[in-house]
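Numbers here simply count residues along the sequence, with the first being 1. Keep in mind that the numbers below use all heavy atoms, side chains included, and drop hydrogens, waters and symmetry copies.
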Amino acid sequence: MGLYQQLQEREEQNMPVRVGVVGAGKFGTMFLAQALRIPGVHVVGVADLRIDVAKSNMVYAGWSAEQIEAASLDAALQSGTTHVGEDAMAMIDHPGVEIVVECTGNPVIAVDHALAAFAAGKHVISATVEADAVCGAALVARAEAAGVIYSQAYGDQPAMTVELVDWARTCGFEVAAAGRGHKWKPEYRFSTPDTIWDFWGVTPEQAERGRLNPKMFNSFLDGTKPAIESAAISNATGLNAPTHGLSYPPGAIDDIATLMRPRSEGGVLEEAGMVEVVSSFAEDGTMIPNDIRQGVWVVVKATSDYVKNCFEEYMVSTDDSGLYYCNFKRFHLIGLELGLSVGSVGIRKEATGTSKEFRSDVVAVAKRDLKAGEMLDGEGGYCVAGQLRPTRISVPMRALPLGLTGDIKLLRDVPVDTILTYDDVEIDESLNAVKLRRECEAMV
C-alpha cells in the first residue's frame with residue numbers, strides 16, 4: 001500500500017500523525033505550507049522564539065488566523081488546529097506530539113531538542129543537518145537506545161541522495177560516487193552575508209520578499225552547507241570523503257558519469273566509493289547548461305559485460321567506457337517535500353536517511369586573519385567556513401567542528417585559510433552537543 005493511501009486511512013480513522021515543528025524559518029514554513037494539504041497529518045504545535053514572525057510566516061504560507069490561534073497544545077489536539085508558542089521543550093514533552101520536526105538550523109540547540117525528544121519517547125526528523133555533521137552517529141545511537149527514530153529530512157539533499165544510493169545498491173549496482181550540485185567558484189569560500197545576494201543570483205528585493213536569511217544562504221555559497229550535507233551523505237551511506245576536501249569539478253548532468261570515476265579510469269575520484277559535489281560553473285566562469293546545481297545524483301558502475309550490454313541495448317546515457325551511469329533528481333524542493341519523512345517515520349517507522357557511522361567531518365576554516373579575543377559567528381558568517389574531511393584526518397588533528405563555532409571566543413590568532421583546532425577556542429564541555437561530539441570522536 002502506498003504511503004499516501006496509508007495517510008488517507010489515518011485521516012479517515014481520525015488517527016493523524018501528530019507533529020510538532022521547532023522553528024518556523026524558511027524550511028519550517030515550506031513544510032507548513034504543504035502540511036495543510038497532507039491527509040493524516042496534524043501539526044499540533046509550532047515552537048519559535050519569535051511567535052509573531054512564526055504566525056506571520058504561516059499566514060504568508062496559506063494558514064488562516066483561525067487555524068493558528070489554539071490557546072494551548074491541549075486545545076489544538078481537541079480542535080484539530082495548531083498552537084504557536086515559544087516553549088519548544090514544553091511542546092516536545094507534550095504527550096500529544098509523536099514526531100518532532102527540528103528545523104532551527106542551530107546544531108547546539110538542535111541536539112538539546114533531540115535528546116529531550118528521545119527522553120520523551122518521540123521520533124525526531126532533523127532538518128538541522130549541521131547537528132548531523134557534528135554528532136549524528138551519537139544521536140542515532142541515543143535514539144536507538146530510547147526505541148525511537150532519528151531521521152534526516154527528505155527534501156534536503158542528504159536524504160534524497162541517500163535514497164538514490166539505496167536504490168542503486170538494492171538494484172545490485174556498485175556505487176562509484178554520490179552527491180549534489182552547487183554553484184561554486186573558489187573565491188566563494190570567503191563570501192559573507194554582505195556579498196551573498198550578488199553571488200547567489202537574486203536581488204535584495206527578491207530576498208526580502210522570500211524572507212531569506214542572508215547568513216543561512218551564505219552558508220550554502222561559501223561551501224559550508226555542501227560540506228555539511230556531503231558529510232551527512234557519507235556517514236549515512238559509508239561513502240568516503242576526499243582526503244583534501246571537495247573538489248567541485250564542473251560539469252553538466254551528462255558529464256557526471258564521466259567525472260565520477262576513479263582517476264585511474266579518467267575521472268576525478270581518489271578511489272571508487274566517494275562523495276563529491278559537481279559545480280555548475282565552467283572553468284571560465286560561465287554557467288553550464290543542463291546543470292545539477294539544485295539536484296542530487298548517484299553514479300553506478302556495471303559490474304559485468306551483461307549489465308554493460310544492457311545499458312547499451314536500452315540506450316542509457318553513460319560515460320565513454322559504457323560502464324558508468326548517472327541517475328539523478330535535478331531539483332530538490334527542501335521543506336516542500338518533508339511530508340515523505342513524516343509519513344515514512346510516522347507510519348512505516350523508517351528513517352529517510354540516518355548516520356550509521358562517523359566517517360566524515362566538517363572542519364572550520366578561517367575566512368580571514370582571525371585575532372585572539374574575537375567571537376566566532378558560526379555557519380555562514382564573517383569568520384569561518386566549513387570544509388569536508390575524513391574523520392581519520394580531522395579527529396587526530398583536533399580540528400574544530402564547524403557546527404561548534406557559533407558565539408565562541410578565539411584564544412589565539414589564526415591565519416586565513418587555516419583549519420581551526422580545539423586549542424584555538426574556548427569550548428564549553430558541558431554542552432550536550434560537545435558531549436555527543438566526544439562520543440563520535442571516540443568511534444574513530
Side-chain angles (χ1 to χ4, degrees), residues 104-108 110-111 126-136 152 156-158 161 179-193 195-196 199-200 213-235 240-248 275-277 279 355 358-368 370 376-391 393-395 397-408 410 414-422 424-425 427 433-434 437 440-441:
T104 62
N106 184 317
V108 173
V111 169
S126 178
T128 305
V129 70
E130 294 84 352
D132 203 81
V134 171
C135 56
Q152 295 175 354
D156 263 352
Q157 286 161 312
T161 310
R180 49 162 287 179
H182 188 47
K183 178 182 178 180
W184 177 254
K185 293 181 180 179
E187 57 264 34
Y188 285 172
R189 69 188 189 278
F190 304 116
S191 176
T192 72
T195 60
I196 173 61
F199 288 145
W200 190 258
N213 181 333
K215 193 167 182 282
M216 186 271 285
F217 273 79
N218 191 56
S219 73
F220 284 91
L221 191 77
D222 70 10
T224 298
K225 192 72 79 170
I228 288 170
E229 295 188 341
S230 295
I233 294 165
S234 169
N235 293 331
N240 290 319
T243 299
H244 302 293
L246 298 167
S247 62
Y248 300 99
V275 292
E276 189 51 90
V277 174
S279 175
S355 289
F358 186 45
R359 178 178 292 262
S360 295
D361 196 7
V362 181
V363 301
V365 180
K367 285 186 175 181
R368 55 177 172 80
L370 302 173
L376 300 182
D377 57 355
E379 177 185 355
Y382 296 86
C383 298
V384 294
Q387 293 185 11
L388 185 69
R389 292 293 189 277
T391 55
I393 292 175
S394 66
V395 173
M397 73 175 292
R398 292 174 49 79
L400 178 66
L402 185 282
L404 298 181
T405 60
D407 197 31
I408 62 171
L410 198 63
V414 178
V416 64
D417 260 348
T418 301
I419 296 175
L420 281 75
T421 71
Y422 285 119
D424 294 323
V425 296
I427 284 284
V434 175
R437 170 68 184 199
C440 282
E441 290 169 353

Looking only at heavy atoms, the pair that brings Pro390 and Pro242 closest together is CD-O, 3.4 Å
Side chain proximity check, Phe190 to Val416, heavy atoms < 4.5 angstrom = yes
Can you measure from CD (Glu276) to CZ (Arg180) and round to the nearest 0.5 angstrom?
-> 11.5 Å
Salt-bridge criterion met for Lys215 and Glu379 (N-O under 4.0 Å) | no
Passing candidate, side-chain contact (heavy atoms from CB on, under 4.5 Å) with Ser234, options Ser360, Pro158, Ser355 | Ser360
When you look at Val129 and Gln152, which way does the side-chain contact (heavy atoms from CB on, under 4.5 Å) test go after all the steps?
-> CA-CA 7 Å; Val129 70; Gln152 295 175 354; 5.7 Å; no
Roughly how far apart are Thr391 OG1 and Arg389 CZ, rounded to 0.5 Å?
-> 13.0 Å
Measure from the side-chain N and O atoms of Gln387 to the backbone N and O of Ala227, and report whether any donor-acceptor pair falls under 3.5 Å.
-> no
Would you check if there is a donor-acceptor pair between the side chains of Asp222 and Thr224 at a distance under 3.5 Å?
-> yes
Any Ser230 side-chain heavy atom under 4.5 Å of Leu246 side chain | yes
Start with the C-alpha gap between Met397 and Val363, add the side-chain angles, then the distance that decides, and say whether side-chain contact (heavy atoms from CB on, under 4.5 Å) holds.
-> CA-CA 11 Å; Met397 73 175 292; Val363 301; 5.7 Å; no
Considering all heavy atoms, the nearest Val384-Lys367 contact = O-CE, 3.3 Å
Given side-chain contact (heavy atoms from CB on, under 4.5 Å), test Leu370 with Leu376 step by step and report yes or no.
-> CA-CA 9 Å; Leu370 302 173; Leu376 300 182; 4.1 Å; yes
Please walk me through it: do Trp184 and Arg189 pass side-chain contact (heavy atoms from CB on, under 4.5 Å)?
-> CA-CA 9 Å; Trp184 177 254; Arg189 69 188 189 278; 3.8 Å; yes
CD on Glu187 to CG on Leu221, rounded to 0.5 Å | 9.5 Å
Backbone N/O of Ser191 and side chain of Asn218: donor-acceptor pair under 3.5 Å | yes
Side-chain donor/acceptor of Ser126 to backbone N/O of Thr128, under 3.5 Å = yes
Rounded distance (nearest 0.5 Å) linking atom CG of Leu388 with atom CD1 of Ile228 | 10.5 Å
Atom CD1 of Ile393 and atom OG1 of Thr243: how far apart are they, to the nearest 0.5 Å?
-> 5.0 Å
Nearest heavy-atom pair of Pro107 and Gly403: which atoms, and what distance?
-> CG-O, 3.2 Å
Assign the ring pair Phe217 / Trp200 to parallel, tilted or perpendicular, where the plane angle (0 to 90°) is split at 30° and 60°.
-> perpendicular
Give, for atom CG of Asp156 and atom CD of Glu229, the distance between the pair rounded to the nearest 0.5 Å.
-> 5.5 Å
Basic-acidic side-chain contact under 4.0 Å: Arg437, Asp361 = yes
Check Leu420, Thr421, Val425 against Val414 for a side-chain contact (heavy atoms from CB on, under 4.5 Å) and give me the one that passes.
-> Leu420
Within a strict 4.5 Å, meaning less than it, do heavy atoms of the Lys183 and Tyr188 side chains meet?
-> yes
Which atom of Val111 lies closest to which atom of Cys135, heavy atoms considered | CG2-SG, 3.7 Å
Can you name the nearest heavy-atom pair linking Pro226 to Phe220, along with the distance?
-> CD-O, 3.4 Å
Closest heavy-atom pair, Asp424 versus Leu410, reported as atoms and distance to 0.1 Å, is O-CD1, 3.4 Å
